Amino acid sequence: MKRKIWKHVRLWKSTETEGIAMDQLYEGYVNVLAYGAQPNSFLDDTEAFVQALATGNSVFVPSGVYYVSDTLVMENQNLIGAGTLLTQIVSICTDPVKPIIQAGRSCVLADFLVKYKEGIVTGDEKEGERVAVWASGRNWPMQRGSTIRNIRVEECGTCLYSPQNSLSPFLVAHESLELNEFSYRGIDYRAVHRLGNVYTNIYISSNKPHVDCIIALENDCTEVSMHQISLMHTTCRTAAMRLSGVRSFHISTLHFGDVRVTGPGGALLDIERSSGIIGGLNMCYLPLRDPGLSLVRLGDADYATLEEWEPHGFEDNPFYLRIGVLHACALNDPTIGDYPSEGRGIAPEMVEGFRFFSRRPGSYGEYVVDLEQYNWYTFQDDRQVYKDFACDDEHIRFLRKGILPTCGPASERPTSRLCPGMTTYYDSEAKKKWLWTGEEWI
């Protein structure tokens, strides 16, 4: 069929009776309808997509449901739909290692829904299986202003993926995404030498039973920016979010709601070999029903870049985590989702193993934590647990655990959330400044 290129915004008729306003199209876009795609027909439209992408032009996909049986491979092209619920790309491919979309270099993916057909995802997917969007092309990674925006992902193994041995997506904007019903990970980026990726306004949740982790950014990665990230209504095996080898990150707002971690010694936020700042960390209605859980767990503080020539060590180079505000609300008292409230809060049998901040056993190097402010709220009679704020003080060096009174009479001297060598108090009666050593005031 003859290729058609639009030089101006036009109105096209879909296979349905309604016309489609191609308001977003610019010179050079082609329409999959011109290559034989038949939305809502339950037919295989793979060839129409392949031909449209083979033109080298960017591609517009009007509203409707399109079925594809092979990976849509693109480089230096845009794939634009009519809206996150209007345009749906559904994979009927049963090969678990073939992603639905594989994008490289300068690409924009926007305004459509992508998923596997119901019944294909088994729920037991592992790394790299049934990926919705593979962010490393066959010749180039996504890079330099590439964008994934206004995308909804459903029913897959992993929503966004780049493996360790692939080309590294860098300077990619991830904007206004809704990632749902994945069986392994929501975002799983492992390729090394990533820098400058941005994540904005992202909502992630899954009801699949064997989710490993919601977000995992691993290996040599720098300059990560995140803004308004919501991790919701998911049960994870290891951690809800994992940052490993992220040299510098800035997260403005990070929210965990109704998320459960079932692995022994697990944590909602797992960080190692990573330094950065979280402006607001919100942790609400979290089921804490498994042994040895923590809100934040820190691991190794070793500057290694996974290169053969790179010596490990740098013990004199501590890693740093600063949190502007930690807000803990109704821990172990979820009010929605699959974990109805038992009216217990943080029950007594959990207190011994539960930590707000912990360090993975056997970890090496120094981690420094500066918590500027700590706010909490509970519906149950477990206030003392929040006040005590139990942490692994032996293996984490805290600069602050929130704002504490710094002066007043001896009777008002703080008794909890004290940081050895850092917490001071001026006794207005004795006219003396005291320092907390970790065991006593001196």
Side-chain angles (χ1 to χ4, degrees), residues 84-85 113-115 121 123 125 132-133 148-161 174-189 199-217 226-243 251-263 266-271 278-290 293-297 323 325-342 345-346 375-379:
T84 54
L85 295 178
L113 180 149
V114 58
K115 66 178 182 179
V121 176
E125 280 72 22
V133 176
I148 303 173
R149 72 166 186 263
N150 299 337
I151 297 289
R152 179 167 175 157
V153 181
E154 297 178 352
E155 199 63 27
C156 65
T158 296
C159 300
L160 308 179
Y161 177 63
H174 307 73
E175 303 174 0
S176 300
L177 307 181
E178 184 177 357
L179 312 179
N180 301 298
E181 306 313 324
F182 49 91
S183 62
Y184 182 66
R185 290 182 175 181
I187 300 176
D188 188 10
Y189 280 0
Y199 307 82
T200 303
N201 188 29
I202 299 179
Y203 179 96
I204 314 182
S205 70
S206 178
N207 287 318
K208 299 293 185 183
H210 303 301
V211 170
D212 178 72
C213 183
I214 300 176
I215 295 180
L217 305 181
M226 291 187 166
H227 313 283
Q228 193 55 50
I229 310 300
S230 297
L231 311 184
M232 305 290 294
H233 316 309
T234 305
T235 296
C236 308
R237 290 178 294 177
T238 58
M241 181 171 178
R242 175 169 171 76
L243 302 176
I251 303 173
S252 62
T253 307
L254 177 59
H255 177 79
F256 296 83
D258 194 28
V259 176
R260 182 181 183 184
V261 177
T262 60
L268 275 298
L269 179 57
D270 190 324
I271 301 176
I278 303 175
L281 179 57
N282 209 26
M283 295 191 165
C284 299
Y285 309 111
L286 305 176
L288 304 175
R289 304 181 181 180
D290 301 277
L293 289 177
S294 308
L295 297 188
V296 180
R297 179 178 60 188
I323 299 175
V325 177
L326 169 62
H327 177 225
C329 175
L331 301 178
N332 204 43
D333 190 25
T335 58
I336 54 179
D338 298 327
Y339 314 107
S341 173
E342 297 177 354
I346 306 177
N375 299 319
W376 55 269
Y377 186 85
T378 176
F379 300 103

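None of these values were measured; they are calculated from a predicted model.
For the pair Leu293 and Pro287, the tightest heavy-atom approach, listed with the atom from each and the gap, is CD1-O, 4.5 Å. The shortest non-hydrogen separation linking Cys159 to Leu179 is SG-CB, 3.7 Å. For the residue pair Leu231 and Ile229, the shortest heavy atom distance occurs at CD2-CG2, 3.9 Å. Nearest approach of Cys236 to Ile214, heavy atoms of both residues: SG-CG1, 3.6 Å. Listed here is the closest heavy atom pair of Cys213 and Ile215: SG-O, 3.1 Å. The shortest heavy-atom contact between Leu268 and Met283 is CB-CE, 4.0 Å.
Leu254 is not listed as a side-chain neighbour of Met226, based on a closest heavy-atom distance of 4.5 Å or more. Residues Arg297 and Val261 are not in side-chain contact: their nearest non-hydrogen atoms beyond the backbone lie 4.5 Å or more apart. The shortest distance between side-chain heavy atoms of Ile187 and Leu177 does not fall below 4.5 Å. At least one side-chain heavy atom of Phe256 sits under 4.5 Å from a side-chain heavy atom of Leu281. The shortest side-chain heavy-atom distance between Thr378 and Asp333 does not fall under the 4.5 Å cut-off. Side-chain contact between Trp376 and Leu331 is absent, with no heavy-atom pair separated by less than 4.5 Å. Taking 4.5 Å as the limit, every side-chain heavy atom of Leu269 sits out of range of all side-chain heavy atoms of Leu295. In this structure the side chain of Asp270 never reaches within 4.5 angstrom of the side chain of Thr238, judged on heavy atoms.
Residues Thr84 and Asn150 have side chains that never bring a donor and an acceptor to within less than 3.5 angstrom of each other.
Annotation: side-chain hydrogen bond (donor to acceptor under 3.5 Å, both in side chains) contacts of His327 (sequence neighbours excluded): Asn282. When the salt bridge (charged side-chain N to carboxylate O under 4.0 Å, His left out) test is applied to Glu181, no partner is found at least two apart in sequence or on another chain.
Residue Lys115 holds its NZ atom at 11.5 Å from SG of Cys156, rounded to the nearest 0.5 Å. Atom CD1 of Ile278 is separated from atom CD1 of Ile323 by 5.0 Å, given to the nearest 0.5 angstrom. Atom-to-atom distance recorded for Tyr285:OH and Asp258:CG is 10.5 Å, nearest 0.5 angstrom. Separation of atoms NE2 (His227) and CD1 (Ile202) is listed at 10.0 Å; rounding is to 0.5 Å.
Ring geometry, Tyr199 versus Tyr189: the interplanar angle falls from 30° to 60°, so the pair is classed tilted.
A donor-acceptor contact shorter than 3.5 Å is absent between the side chain of Ser230 and the backbone of Tyr203. Of the possible donor and acceptor atoms, none in the side chain of Asn180 sits under 3.5 Å from a partner among the backbone N and O of Glu154. Side-chain N or O atoms of Ser176 include none that pairs as donor or acceptor with a backbone N or O of Asn201 at under 3.5 Å.
Sequence neighbours left out, the pairs with a member in residues 203-212 that pass salt bridge (Lys or Arg N to Asp or Glu O under 4.0 Å) are Glu155-Lys208, Arg185-Asp212, Asp212-Arg237.
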Q: Using the side chain to side chain contact (heavy atoms under 4.5 Å, CB included) rule, take Met232 and His255 through it: C-alpha gap first, then chi angles, then the decisive distance, then the call.
A: CA-CA 8 Å; Met232 305 290 294; His255 177 79; 3.3 Å; yes
